[in-house]
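Step one of this worksheet: look at the structure below.
Every heavy atom of this structure was used, including side-chain atoms; hydrogens, water molecules and symmetry mates were not.
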Amino acid sequence: GRRFSLARSYVLCLGAEAGRLRLDKGGAMPALNPTDFTATVTWLGRVADRDDTLAATPLDEMALDFAGVAGEAHGGLTRPSCSRVVAQHPRGTEIRNARQLSILSAEDLAATAAEMGVDRLEPAWLGASLVIEGIPDFTHVPPSSRLQGPDGATLVIDMENRPCNLPARVIEQHLPGAGRAFKAAAKGRRGVTAWVERPGVLHPGGTLRLHIPDQPAWAHIDAARDG
């Protein structure tokens with residue numbers, strides 16, 4: 001028994017020392033992995049007064065700080081809770097703002113327009129903050145993924161955005177008769193909500209690299225959703 005205990009202790013010490021050496025040599029294990037998936041920024045915008053209209057105004061550049069985009073109705077470090085989190089908080093509760101920006105992909109936008117039977121959907125009509133091109137199935141990238149620009153500007157993806165009727169009203173103004181088709185056509189294509197982890201500046205034509213969590217999918221996700 002004593003011989004086994006000493007041997008076990010020796011093995012544990014060797015393991016701890018090996019781990020220390022890996023860290024000392026810069027061998028830290030990152031929680032987020034850069035990928036080869038990159039996207040081009042094709043459009044930038046800002047919603048100034050969502051009570052007036054969800055429609056966004058195009059921007060030539062987007063300066064990001066920890067509160068999001070200056071002058072953006074969805075900006076701020078905190079926000080009143082909405083219908084998306086009513087199962088967690090009474091509506092109007094002050095919570096951390098993880099939906100400072102609405103990010104769409106050009107591919108999802110085109111697919112939604114095709115499903116609706118229209119030639120195009122302008123990002124402004126959907127209240128978009130940012131439209132990117134180049135990442136397939138963008139709406140379903142893992143939550144907590146990052147989009148990072150060359151200057152270090154970093155956006156954290158909170159979760160999939162959900163289609164609602166607010167964009168439909170704006171679409172209807174521009175394409176009479178088409179607005180009602182938006183909610184169903186945009187299911188699974190509405191992009192994501194995001195917040196600023198590191199300030200910086202975005203420009204049309206700029207590149208963003210996708211970083212994803214180094215974490216497997218939870219084995220019980222289906223059971224949790226069914227429950």
* If we only count heavy atoms from C-beta on, is the Trp195 to Arg99 side-chain gap below 4.5 Å? -> no
* Kindly indicate whether the side chain of Ser81, heavy atoms from C-beta on, has any atom under 4.5 Å from the side chain of Arg84. => no
* **Donor + acceptor pair across side chains of Thr78, Asn97 (<3.5 Å)** => no
* Structure fact -> Smallest heavy-atom separation, Val131 atom then Ser105 atom, equals CG1-C, 4.1 Å
* Asked: Looking at side-chain heavy atoms only, is the closest gap between Thr42 and Ile132 below 4.5 Å?
  -> no
* Asked: Side chains of Asn165 and Arg180: donor-acceptor distance under 3.5 Å anywhere?
  -> no
* Are the side chains of Ser145 and Pro213 in touch, meaning some heavy atoms are under 4.5 Å apart? -> yes
* Asked: Looking at Ala178 and Val118, what are the two nearest heavy atoms and their distance?
  -> CB-CG1, 3.9 Å
* **Whether over 12 other heavy atoms sit under 6.0 Å from Asp36 CG** => no
* Asked: Below 4.5 Å, heavy atoms only, C-beta onward: do Leu54 and Pro167 meet side chain to side chain?
  -> yes
* Report the distance from atom CD of Gln148 to atom CG of Leu32, rounding to the nearest 0.5 Å. => 9.5 Å
* Asked: Taking the side chain as C-beta and beyond, is there a heavy-atom pair between Pro204 and Trp43 under 4.5 Å?
  -> no
* **Ile157 side, atom CD1; Met159 side, atom CE - distance, nearest 0.5 Å** => 12.0 Å
* Asked: Between Gln100 and His74, is any side-chain donor less than 3.5 angstrom from a side-chain acceptor?
  -> no
* Rounded distance [0.5 Å steps], CD in Gln215 versus CG in Asn33 -> 11.5 Å
* Leu126 side chain reached by Leu109 side chain, heavy atoms, under 4.5 Å -> yes
* Apply salt bridge (charged side-chain N to carboxylate O under 4.0 Å, His left out) to the pair Arg146 and Glu197, showing each step before the final yes or no. => CA-CA 9 Å; Arg146 269 66 166 174; Glu197 181 174 57; 2.6 Å; yes
* Rounded to the nearest 0.5 Å, what separation is found between the OG1 atom of Thr207 and the CG atom of Leu202? -> 11.0 Å
* When you look at CG of Asp49, are more than 12 heavy atoms from neighbouring residues, nucleotides or ligands closer to it than 6.0 Å? -> yes
* Applying the 4.5 Å side-chain criterion to the ILVMFWY set and letting contacts propagate, would Phe138 and Val156 be lumped into a single cluster? -> no
* Asked: NZ of Lys183 to CZ of Arg162: how many Å apart, nearest 0.5 Å?
  -> 11.0 Å
* Structure fact -> dist Ser144:OG -> His211:NE2 (nearest 0.5 Å) comes out at 12.5 Å
* **Flag side-chain contact, heavy atom, 4.5 Å: Arg190 against Thr112** => no
